[in-house]
Amino acid sequence: MERIRIFDTTLRDGEQAPGAAMSPEQKLDIAEQLAKLGVDNIEAGFPVSSPVQMKAVKLIAENVRTTGVSALARALPADIDAAVEALKGAANPLIHTFIATSPIHMMYKLKKREDEVLSMAAKAVRYARRFTDQVEFSPEDATRSNPEFLFRVLEKVINAGARIINIPDTVGYTTPSEFYALIQAIKNNVPNIDKVILSVHCHNDMGLAIANTISGIQAGARQAEVTVNGIGERAGNASLEELAMVFSVRKDLLHFSTGINTKQIYNTSRLVANTINYPVPKNKPVVGENIFAHEAGIHQDGVIKNRETYEIMSPESIGRDHNDIVLGRHSGISGFKKRVRQLGFKLTSDEFKKIYPILLKTADSKTEVYDEDIIAIVNDELGKKTDTMRMKYFSILSGNSGISTATVEIEDANGTKQEAAIGDGPISAVFNAIDRVTGLHAVLEEFLIQAVSPSRLAVGEASVIINVDGKKFSGKGASTNILEASAKAYLNALNKSKISSESEAE
Ligand code: KIV
Ligand code: ZN
């Protein structure tokens with residue numbers, strides 16, 4: 001078995017998914033879980049890009065000691081200085097520097113000639129090596145670069161001291177056989193390539209990220225850059241859990257191993273999904289809800305006789321319990337506690353004490369409390385934890401003709417304030433009233449409301465994405481009253497925008 005390094009970029013490339021911004025504390029929680037999962041390196045952020053990014057990388061570097069921690073930097077001295085500053089406290093720091101090498105990126109984005117890019121790349125690597133041995137270089141948009149130029153850049157940066165060469169398929173353009181050929185060509189045409197670890201970093205624009213990653217590894221790469229749940233720019237990155245399970249399920253064919261403890265996959269997936277309010281699609285490979293569900297009678301019959309007729313992996317192998325314990329009004333505190341933990345939440349006992357009565361109330365009004373109810377309730381409470389503005393009261397008057405009116409009362413550190421507003425419907429009226437109280441104004445980009453479980457008494461969960469001055473923030477709210485859930489979601493997103501603008505100002 002050949003060991004493949006897992007370079008996790010959930011907290012950097014993953015966070016670049018629209019609306020997935022995380023606070024430094026949330027990132028630390030995830031980094032600790034990634035260390036438990038067994039990744040080899042955690043790319044914690046892009047320190048030069050904002051003070052919040054800087055703070056997050058520092059926090060992770062100082063607290064996560066058992067796993068390598070890296071920071072991203074363009075091939076510019078100021079970026080590398082910021083990465084060095086952020087990684088100062090790290091036990092095992094790595095600087096990841098990059099510059100685009102494709103004609104389209106060089107001409108339109110960088111406005112630089114080949115010789116300028118070549119020199120910037122080598123200088124950046126040499127500069128970064130003054131601070132740490134561990135320097136990784138990525139030629140951005142490698143798969144659309146001129147191969148001859150790419151080989152020259154790689155030879156130069158290896159001579160300058162790069163230890164890892166990462167080949168990104170930045171726009172998810174390549175195909176498995178083409179990517180295999182590119183990695184092989186790099187091995188055959190870059191004379192000093194055997195001095196470095198080759199890495200691959202594939203995006204999923206055409207759904208080929210995992211296939212391309214595996215091809216790259218078969219061609220000789222020994223590091224894969226991946227994200228939990230495949231989150232990332234546009235269609236996302238190659239997903240960590242898919243890669244780990246391909247190697248685990250098909251070890252007969254693919255003789256590669258990783259340090260991943262697959263039993264931590266489900267927890268990690270849910271922690272990331274819950275933190276960024278990105279639900280895992282039900283049919284998502286490996287971690288989707290339906291992966292062990294069988295609908296067709298023939299399939300059910302087969303599974304009853306032998307699970308392996310229709311299941312190539314077991315729920316236990318990814319740390320997912322069979323939910324044979326149904327939670328309801330007779331379930332005790334320990335049953336709820338266990339399920340909350342399995343769903344990826346790490347609650348303090350005070351937090352659990354706050355949530356338990358809400359869970360019991362839900363259990364009292366229903367025959368069964370579903371995982372989705374629990375996730376919605378816990379997210380609602382955790383969302384409020386960092387929120388400085390909280391809704392105390394709301395009232396809405398709405399009918400089927402014309403204008404709706406809403407009144408809200410919001411509490412913050414300065415006391416409570418009440419405002420009323422009108423709108424075309426109840427949701428716009430309550431959002432307008434919230435804008436008036438908070439003095440903030442956001443463009444609503446996405447709004448979704450759904451019953452989280454199949455029952456008339458279900459908890460309703462609202463999700464919003466708002467845009468404040470060009471930055472996106474997600475928010476969630478849950479309640480058996482869908483108007484209350486919507487108002488809470490909007491206020492939750494406004495709270496995040498307020499926290500972000502305050503941290504930027506620090
Ligand atoms: O996709 C990409 O090219 C990147 C680089 C910064 C490695 O994320
Ligand atoms: Zn990327």
Side-chain angles (χ1 to χ4, degrees), residues 5-18 20-21 39-50 53 57 68-76 79-80 82-83 86 94-106 108-110 117 120-121 124-125 128 134-146 149-150 153-154 157 162-174 179 182-183 186 196-210 212-213 216 221 223-240 242-243:
R5 273 170 60 86
I6 298 295
F7 181 104
D8 181 277
T9 182
T10 307
L11 301 178
R12 197 279 297 168
D13 222 345
E15 198 197 21
Q16 288 173 216
V39 307
D40 297 285
N41 195 285
I42 296 169
E43 189 167 43
F46 186 16
V48 81
S49 66
S50 79
Q53 289 276 332
V57 179
V69 177
S70 53
L72 187 70
R74 285 168 299 180
L76 297 169
D79 281 40
I80 294 167
L94 182 150
I95 297 175
H96 176 192
T97 187
F98 73 101
I99 190 163
T101 51
S102 65
I104 185 165
H105 277 233
M106 289 190 292
Y108 294 102
K109 188 180 80 174
L110 300 176
V117 166
M120 282 174 77
V125 169
Q134 294 304 308
V135 174
E136 170 173 320
F137 174 79
S138 293
E140 190 189 10
D141 206 16
T143 50
R144 292 193 299 168
S145 300
N146 167 355
F149 177 57
L150 184 63
V153 173
L154 299 185
V157 295
R163 289 283 167 85
I164 301 173
I165 292 293
N166 177 49
I167 305 300
D169 181 29
T170 302
V171 289
Y173 178 71
T174 197
F179 200 49
L182 177 65
I183 299 297
I186 289 170
V196 298
I197 298 173
L198 253 178
S199 167
V200 286
H201 173 119
C202 298
H203 280 268
N204 206 26
D205 297 65
M206 296 197 287
L208 292 172
I210 270 293
N212 289 337
T213 301
Q223 172 175 287
E225 301 203 349
V226 288
T227 62
V228 173
N229 298 339
I231 61 166
E233 285 277 1
R234 307 179 310 280
N237 292 55
S239 108
L240 183 153
E242 292 173 22
L243 188 68

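Only this structure's heavy atoms are used, side chains among them; waters, hydrogens and symmetry mates stay out. Start at 1 and go down the list; that is how both ligands and their atoms are numbered.
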Student: Does Thr170 reach ligand 1 with a nitrogen or oxygen that is under 3.5 Å from one of the ligand's nitrogen or oxygen atoms?
Tutor: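 Yes.
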Student: Quick one: does Glu225 get a heavy atom under 4.0 Å from ligand 1?
Tutor: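 No heavy atom of Glu225 comes that close to ligand 1.
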Student: Within the distance-only criterion (no hydrogens, no angle test), does the side chain of Thr10 pair as donor or acceptor with the backbone N or O of Gly14 below 3.5 angstrom?
Tutor: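 Side chain of Thr10 to backbone of Gly14: no pair is present.
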Student: For Asp141 and Ser102, test the side chains for any donor-to-acceptor distance below 3.5 angstrom and give the result as yes or no.
Tutor: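 Their side chains do contain a donor-acceptor pair, which is all the 3.5 Å distance test asks for.
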Student: Considering the heavy atoms of His96, write down every atom of ligand 1 situated less than 4.0 Å from one of them.
Tutor: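 Per the distance check, 7 (C).
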Student: Regarding Thr143 and Thr174, is there a side-chain donor-to-acceptor distance under 3.5 Å anywhere?
Tutor: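 Checked: Thr143/Thr174 side chains show no N/O donor-acceptor pair below 3.5 Å.
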Student: Among protein heavy atoms, which sits nearest to atom 4 (C) of ligand 1, and what does the distance come to when rounded to 0.1 Å?
Tutor: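 Result: His201 NE2, 3.5 Å.
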Student: Answer yes when Glu140 and Lys109 have at least one side-chain N-carboxylate O distance shorter than 4.0 Å, and no when they do not.
Tutor: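 Lys109 and Glu140: salt-bridged.
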Student: What are the atoms of ligand 1, with element, lying closer than 4.0 Å to any heavy atom of Glu140?
Tutor: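 Those atoms are 3 (O).
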Student: Distance under 4.0 Å to a non-hydrogen atom of Pro168: what atoms of ligand 1 satisfy this?
Tutor: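 That gives atoms 2 (C), 3 (O) of ligand 1.
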Student: Is Asp40 reaching over with its side chain to a backbone N or O of Ile6, donor-acceptor style, under 3.5 angstrom?
Tutor: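 Pair found, side chain donor or acceptor close to backbone of Ile6.
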Student: Do Glu136 and Gln134 have side-chain atoms, one donor and one acceptor, less than 3.5 Å apart?
Tutor: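 The answer is no; no qualifying pair exists.
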Student: Please say whether Ser138 places an N or O atom under 3.5 Å from an N or O atom belonging to ligand 1.
Tutor: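 Between Ser138 and ligand 1, no N or O pair is found under 3.5 Å apart.
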Student: Can you find an N/O atom of Asp141 closer than 3.5 Å to an N/O atom of ligand 1?
Tutor: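 Not met; the criterion fails.
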Student: Quick one: does ligand 1 sit under 4.0 Å from the side chain of Arg12, the backbone, both or neither, non-hydrogen atoms only?
Tutor: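 Side chain only; the backbone of Arg12 stays clear of ligand 1.
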Student: Please identify which of these residues, Thr227, Asn229, Thr213, meets the side-chain contact (heavy atoms from CB on, under 4.5 Å) condition with Asn237.
Tutor: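 Testing each of Thr227, Asn229, Thr213 against Asn237, the sole residue satisfying side-chain contact (heavy atoms from CB on, under 4.5 Å) is Thr227.
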Student: Quick check for you: with the Zn ion (ligand 2) as the vertex, what angle do OD2 of Asp13 and NE2 of His203 span, to 10°?
Tutor: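 Value returned, to the nearest 10°, is 100°.
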Student: Side chain or backbone, does Asp13 bring an N or O within less than 3.5 Å of an N or O on ligand 1?
Tutor: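 For ligand 1, there is an N or O atom that lies under 3.5 Å from one belonging to Asp13.
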Student: Need the ligand 1 atom indices (1-based, order shown) with element for anything under 4.0 Å from a heavy-atom of His203.
Tutor: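 Selected atoms, number and element: 1 (O).
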Student: I'd like to know if the side chain of Thr97 reaches the main chain of Phe137, judged simply by a donor and an acceptor atom lying under 3.5 Å from each other, with no hydrogens or angles considered.
Tutor: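 No; zero donor-acceptor contacts below 3.5 Å.
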